[in-house]
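First the structure, in the form of structure tokens, and then the observations on it.
Computed from a predicted model, the values in this text were never measured in an experiment.
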Amino acid sequence: MTDHNDMINVPATEVGAATLAFARKAGWTIDRSVTFALPPEHWAFHYVPAAELLLLPVAGSHAKAFEPTASAVRQARSDAIIVSLGHAASGERQVFASICIWSSIGVVRYGPHLPWLSTSGDLWLVPDPRARVDEEPSFLLTTDRLVPKTLPATNDLDRRRGLVAARQFFNAEMEG
């Protein structure tokens with residue numbers, strides 16, 4: 001379904017638009033003043049106070065962004081979502097997200113995950129069915145902190161429907 005190796009040469013404006021689409025769809029308000037309380041190397045993050053969440057748009061591979069993100073997560077004592085773009089196997093543009101969950105004993109990383117839309121319009125991050133992370137938890141994006149949950153899809157057809165719906169949503173947001 002996806003090609004994680006194709007997350008390069010993506011315009012930063014597209015990744016930024018995808019990141020802001022996450023915020024709009026989840027009902028998040030971004031507070032830039034809090035981000036500037038972190039060291040300058042973390043100023044690219046967007047902070048969502050209600051969810052205690054850092055959002056980081058990454059124009060290249062999100063794998064390279066993990067260490068700096070883990071550092072920001074530890075300093076801010078917040079969770080984080082690293083947003084990047086690549087392509088689905090069909091060639092369509094695909095949003096990817098890696099999740100970093102803060103705890104007092106360390107940072108746990110999940111992903112890459114894919115956006116998934118429920119039939120009621122709820123936005124989730126779910127494991128990529130073709131990646132090695134298929135057994136990882138899913139995350140419903142709400143105004144609360146991220147909490148690992150079970151896969152929301154009822155079957156493979158529903159899983160594909162939600163992935164396609166999310167891809168269409170993000171493509172419309174990035175173009176519009």
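Looking only at side-chain heavy atoms (C-beta outward), P115 and F22 come within less than 4.5 Å of each other. Side-chain contact check for L85 versus V58: every heavy-atom pair is 4.5 Å or farther apart. Proximity of M174 to V95: side-chain heavy atoms (C-beta onward) are separated by under 4.5 Å at one or more points. Inter-residue side-chain proximity for P148 and E136 is flagged as unmet; no heavy-atom pair is nearer than 4.5 Å. Counting heavy atoms from C-beta on, the side chains of W28 and L20 never come closer than 4.5 Å. Residues V108 and I99 are not in side-chain contact: their nearest non-hydrogen atoms beyond the backbone lie 4.5 Å or more apart. No side-chain heavy atom of L125 sits less than 4.5 Å from a side-chain heavy atom of L114. Here the side chains of F139 and K149 are not in contact, with every heavy-atom distance at 4.5 Å or above.
Listed here is the closest heavy atom pair of A165 and L117: O-CD1, 3.6 Å. Of all non-hydrogen atoms in T142 and A51, the two that sit nearest each other are O-CB, 4.3 Å. Scanning both residues, A80 and T69, for their nearest heavy atoms gives CB-CG2, 3.6 Å. Between T150 and W124 the shortest heavy-atom distance is O-CZ3, 3.9 Å. A pairwise comparison of heavy atoms in R109 and S98 identifies NH2-OG, 3.7 Å as the closest pair. Looking at every heavy atom in both residues, V15 comes nearest to V83 through CG1-O, 3.4 Å.
To the nearest 0.5 Å, the span separating OG1 on T19 from CZ on R24 amounts to 10.0 Å. How far CG of L141 is from CG of L146: 6.5 Å, rounded to the nearest 0.5 Å. With rounding to the nearest 0.5 angstrom, the OG atom of S84 is 12.5 Å from the CD atom of E14. Distance CG/D158 to CG/L151: 8.5 Å, rounded to 0.5 Å. We find the NE2-CD1 distance between H46 and I81 to be 12.0 Å, quoted to the nearest 0.5 Å.
Between the side chain of W116 and the backbone N or O of R159, at least one donor-acceptor pair lies under 3.5 Å. When atom types are taken as modelled, the side chain of H113 and the backbone of P137 share a donor-acceptor pair closer than 3.5 angstrom. D79 places a side-chain N or O within 3.5 Å of a backbone atom of W102 that can act as its donor or acceptor partner. D122 places no side-chain N or O within 3.5 Å of a backbone atom of S118 that could act as its donor or acceptor partner.
With sequence neighbours excluded, the residues satisfying side-chain contact (heavy atoms from CB on, under 4.5 Å) with E52 are Y47, S78, R145. Applying the side-chain contact (heavy atoms from CB on, under 4.5 Å) test to T119 and every residue at least two apart in sequence or in another chain returns R161. The side-chain contact (heavy atoms from CB on, under 4.5 Å) check on S71 picks up H42, R74, Q75, with sequence neighbours excluded.
Ion pairing of E175 with R93 is present here, as a side-chain N (NZ or NE/NH1/NH2) and a carboxylate O approach within less than 4.0 Å. Using a cut-off of 4.0 Å between Lys/Arg side-chain N and Asp/Glu carboxylate O, E173 and K25 are scored as not salt-bridged.
Taken together through direct or relayed side-chain contacts under 4.5 Å among Ile, Leu, Val, Met, Phe, Trp and Tyr, V107 and V147 form parts of separate hydrophobic clusters.
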Passes side chain to side chain contact (heavy atoms under 4.5 Å, CB included), I82 versus F45? Steps please.
CA-CA 9 Å; I82 304 168; F45 288 85; over 6 Å; no
